[in-house]
Amino acid sequence: MKKLLMIAILILGAAVLLAGGGPLVDAQTAQNIPKEKVYRIERSMPKEAIACIQCHKNEHPGLFSDWADSRHANANITCFDCHKAEEFDPDVSKSHYKQYERSDQKYGTQEYKVPVTAIVTPKDCSRCHPDEAKQYARSKHANTLEIIWQIDPWLKKGMNSDFERATGCFYCHGTILKMTDGQLDPETWPNVGVGRINMDGSRGSCSSCHTRHRFSVMEARKPEACGQCHLGPDHPQIEIYMESKHGDIYTAFGDSYNWNAAPGTWSPGVDFRGPTCASCHMSGAGSVLTSHDVTERLSWEIQAPLTIRPEDFKPFPAKTNWKIERDKMKEICTQCHGKTWVDAHYVTLDKVVHEYNEVYFKPAKKKLNELYDKGLLDKTKFFDERLEVEFYELWHHEGRRARMGAAMMAPDYAWWHGFYECKKRFSNYMEEANDLIKHNKKAYVAKDFPNATGNTTRPPQTMPRGK
Ligand code: HEC
Ligand code: HEC
Ligand code: HEC
Ligand code: HEC
Ligand code: HEC
Ligand code: HEC
Ligand code: HEC
Ligand code: HEC
């Protein structure tokens, strides 16, 4: 970081700048004229960087205030520090050059002209936050597009439309950014999915959890930040959390938590009395360090069809040792709980995993294979025969909910939305499967399966790369 920039200080709220200084409006003609944000620059800054701030203060007062209230503004990190580009960068904003041909704006002249980009990637942030960016780059979050293109039948078998993917899957998982005619392609932008693939090759978007331009740790520490994506029938972590005692404590006492504790110092018992998603999965405590790799601290893949260890997850084997990771998570728990309490919790979790694998998943999978082998189910497409859908939902919906509910202390998800539903689905599935086998009858194939038009060519950007 430039020392000069660090030494100088921006004083916010020190002076009133009445730009435009229009006449006072009376009640009759009053419109929604926003109050100008109080702001003064009190030191040297490149003139190009001052231009961004001054012009955008008028053009986008909402965006400007977010930045002005951020720690970045406080530390003198300007628009230009993040949005700087080279003329030949593929993601440079060609349309922005026009802003320097304006007569209505003091700063809209050639004197201030510099190339900018709308995209600010983990690689850009890594100039000042190398550790966070490195941890993030090896996480499943960053690499999720690689993973889903390997294993997901919706994408691989083209069972949904490109538009359904854009408004669903890729909103959470991320798009592959693309420019068309000098503009960001609307099919890929706007997007802040966790695994967005950027034009500089980096993966992810830091604003998934730290929305711009506040970039606050407070926001990311709250469960709602994760709940944007971690919800719904197949991964209801936010619902599970809100049902748990930890969520109950958050609801009751969250207002008194010290959400703004300095990065890396947010401590159980000191700053909060019940953990959030971030406390258990990311923030440091005891000897466990803060990490932007959410795969750390996990000892199971409880989202997978067959529960396995993270290092045995073939599409993206974790470079971790599950025993060490489990000990790390336990150390988080023991900031507030005794060892017996925590060990007992894990004994139960392991039993749940075993029961799900042996009683539900393995027999259902065996039956599915039998149907394929006998030619009663057709392998070319997935989801166009009812038993395929039933099998999918057994592991992907209630099978996950049972395991997640048990892992994160939510009995309603472990049982009513979990194992209870597993039992029901399993029984119906077996009945129908055995009936087809008994009568040697081919399953009905939905010829009119709607909108199975998605592109099935795997984008080259999602191929594994050197990690
Ligand atoms: C004279 C006014 C002016 C100046 C100076 C200016 N901008 Fe802008 N900028 C705008 C306006 C207006 C827009 C919105 C254009 C639109 O909505 O089509 C914009 C858009 C942007 C965008 C989005 C571009 C896109 O393609 O979506 C970014 C990023 C941006 N500005 C950053 C900067 C940075 C960084 C600087 C300083 C290096 C800067 N601007 C200087 C007026 C300005
Ligand atoms: C700490 C880095 C950082 C700073 C400082 C910063 N930005 Fe951004 N800006 C971002 C990120 C990240 C995004 C989201 C882009 C993405 O998803 O790749 C963004 C997006 C934008 C956009 C497009 C978003 C939209 O909603 O249209 C504009 C315009 C913009 N910034 C202007 C500015 C201006 C003006 C300033 C200074 C007042 C500024 N930025 C300061 C990181 C920064
Ligand atoms: C030019 C250097 C620079 C760049 C580029 C930069 N940051 Fe920062 N960032 C800083 C500094 C310096 C601080 C510490 C400010 C402080 O402690 O007051 C900071 C603080 C933060 C914080 C902690 C805020 C808080 O509430 O305590 C977050 C989160 C953050 N940055 C995210 C990002 C993201 C995301 C990007 C990329 C979009 C980014 N930064 C780009 C220098 C930078
Ligand atoms: C609301 C956000 C959201 C949407 C929409 C969404 N996902 Fe996901 N997806 C997630 C989250 C969160 C997880 C992590 C689940 C877990 O670990 O419990 C996930 C997990 C996955 C996984 C498992 C990855 C692994 O490591 O095994 C695949 C594959 C996947 N999603 C594919 C898709 C596809 C394909 C679509 C669209 C048809 C889609 N998702 C739509 C949020 C979403
Ligand atoms: C999955 C959500 C999530 C994403 C995505 C994310 N962060 Fe964070 N970040 C957090 C949380 C939670 C904290 C607070 C950790 C703590 O309690 O100190 C944090 C803290 C930080 C801090 C403060 C220093 C620290 O390590 O505690 C910086 C800087 C930061 N993030 C930068 C980034 C950058 C750069 C990226 C993109 C590469 C990024 N973050 C992406 C959740 C996220
Ligand atoms: C923008 C969407 C989004 C947000 C926000 C988000 N996640 Fe995720 N998360 C995902 C997706 C998608 C996956 C699945 C990645 C995969 O397995 O391919 C995932 C996976 C995970 C995993 C499983 C990792 C593994 O190795 O199996 C954990 C744990 C996790 N997220 C925790 C968090 C936490 C904690 C937060 C908030 C601080 C958060 N996530 C915020 C989308 C999101
Ligand atoms: C009390 C601590 C705690 C809290 C709070 C918590 N989790 Fe978890 N989470 C766990 C434990 C323990 C596991 C199972 C770990 C293992 O594999 O050993 C887990 C598993 C997960 C997984 C499954 C990872 C996989 O791939 O199988 C995801 C995703 C996840 N948590 C996300 C979240 C989100 C999002 C929140 C907040 C809404 C949250 N967690 C809150 C402790 C917690
Ligand atoms: C910041 C402190 C804190 C952390 C960290 C924490 N817990 Fe808790 N936990 C609590 C408190 C407080 C309660 C409420 C106890 C009560 O019922 O009086 C609680 C309750 C529980 C319960 C009881 C749930 C119920 O509904 O009866 C379980 C089980 C539990 N925690 C397990 C864990 C595990 C496992 C971890 C680590 C993965 C963990 N906790 C991390 C503070 C914490």
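Just so you know, ligand 1 is whichever comes first in the structure, and atom 1 is the first atom listed for that ligand.
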For ligand 5, list every N/O pair with the protein closer than 3.5 Å, one pair per line with the distance.
{"residue": "ligand 5", "atom": "7 (N)", "partner": "His210", "partner atom": "NE2", "Å": "2.8"}
{"residue": "ligand 5", "atom": "7 (N)", "partner": "His292", "partner atom": "NE2", "Å": "2.9"}
{"residue": "ligand 5", "atom": "9 (N)", "partner": "His210", "partner atom": "NE2", "Å": "2.8"}
{"residue": "ligand 5", "atom": "9 (N)", "partner": "His292", "partner atom": "NE2", "Å": "2.8"}
{"residue": "ligand 5", "atom": "17 (O)", "partner": "Arg221", "partner atom": "NE", "Å": "2.9"}
{"residue": "ligand 5", "atom": "17 (O)", "partner": "Arg221", "partner atom": "NH2", "Å": "3.3"}
{"residue": "ligand 5", "atom": "17 (O)", "partner": "Ser283", "partner atom": "OG", "Å": "2.7"}
{"residue": "ligand 5", "atom": "18 (O)", "partner": "Arg221", "partner atom": "NH2", "Å": "3.0"}
{"residue": "ligand 5", "atom": "18 (O)", "partner": "Gly264", "partner atom": "N", "Å": "2.9"}
{"residue": "ligand 5", "atom": "26 (O)", "partner": "Glu132", "partner atom": "OE2", "Å": "2.7"}
{"residue": "ligand 5", "atom": "31 (N)", "partner": "His210", "partner atom": "NE2", "Å": "2.9"}
{"residue": "ligand 5", "atom": "31 (N)", "partner": "His292", "partner atom": "NE2", "Å": "2.9"}
{"residue": "ligand 5", "atom": "40 (N)", "partner": "His210", "partner atom": "NE2", "Å": "3.0"}
{"residue": "ligand 5", "atom": "40 (N)", "partner": "His292", "partner atom": "NE2", "Å": "2.9"}

N, O or S of Cys82 under 2.8 Å from atom 8 (Fe) of ligand 2 |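 Not a single backbone or side-chain N, O or S atom of Cys82 is under 2.8 Å from atom 8 (Fe) of ligand 2.
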Atom 8 (Fe) of ligand 2 to His213: any N/O/S contact under 2.8 Å?
->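 Yes, within the cut-off.
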Quick one: does ligand 2 sit under 4.0 Å from the side chain of Arg196, the backbone, both or neither, non-hydrogen atoms only?
->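 It is the side chain that gets close, since no backbone atom is under 4.0 Å.
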Heavy-atom distances under 4.0 Å are what count here, so tell me which part of Thr78 touches ligand 2: side chain, backbone, both or neither.
->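 Near ligand 2, Thr78 shows its backbone, while the atoms from C-beta on stay back.
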Between His210, His72, His129, which is the residue that forms a ring pair (Phe, Tyr, Trp, His ring centres under 6.0 Å) with Phe215?
->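 Among His210, His72, His129, the one meeting ring pair (Phe, Tyr, Trp, His ring centres under 6.0 Å) with Phe215 is His72.
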Before accepting this row, confirm whether a basic side-chain N of the pair Lys94/Asp181 lies closer than 4.0 Å to the acidic partner's carboxylate O.
->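 No.
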Cationic N near anionic O, under 4.0 Å, Lys98 to Glu101 =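 No, no charged N to carboxylate O under 4.0 Å.
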Is a donor on one side and an acceptor on the other found under 3.5 Å between the side chain of Arg297 and the backbone of Met282?
->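 Such a contact is found between Arg297 side chain and Met282 backbone.
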Using modelled atom types only, decide if a donor and an acceptor are shared between the side chain of Asp81 and the backbone of Thr78 within a distance under 3.5 Å.
->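 Indeed, once roles are kept as given, a pair shorter than 3.5 Å links the two residues.
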Do any nitrogen or oxygen atoms of His72 lie less than 3.5 angstrom from nitrogen or oxygen atoms of ligand 2?
->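 Between His72 and ligand 2 (N or O atoms, distance only) the closest approach is not under 3.5 Å.
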Which of these passes side-chain hydrogen bond (donor to acceptor under 3.5 Å, both in side chains) with Thr307: Arg400, His354, Arg403?
->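 So the option named by the test is Arg403.
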Find all atoms of ligand 2 within a distance of less than 4.0 Å from any non-hydrogen atom belonging to Leu63, and give their numbers and elements.
->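 Reading through ligand 2 atom by atom, the close ones are 28 (C), 29 (C), 30 (C), 32 (C), 33 (C), 34 (C), 35 (C).
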Considering the heavy atoms of Cys79, write down every atom of ligand 2 situated less than 4.0 Å from one of them.
->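 With Cys79 as reference, the close atoms of ligand 2 come out as 34 (C), 35 (C), 36 (C), 37 (C), 38 (C), 39 (C), 41 (C).
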Quick one: closest heavy-atom pair of Ala278 and Arg221, and the distance?
->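 Distance-wise, the nearest heavy atoms are CB-CA, 3.8 Å.
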Is there a side-chain contact between Trp189 and Arg196, using heavy atoms and a 4.5 Å cut-off?
->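 Of all side-chain heavy-atom pairs linking Arg196 with Trp189, at least one is under 4.5 Å.
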Please state whether the rings of Trp259 and Tyr250 are parallel, tilted or perpendicular, taking 30° and 60° as the class boundaries.
->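 It falls in the perpendicular class, over 60°.
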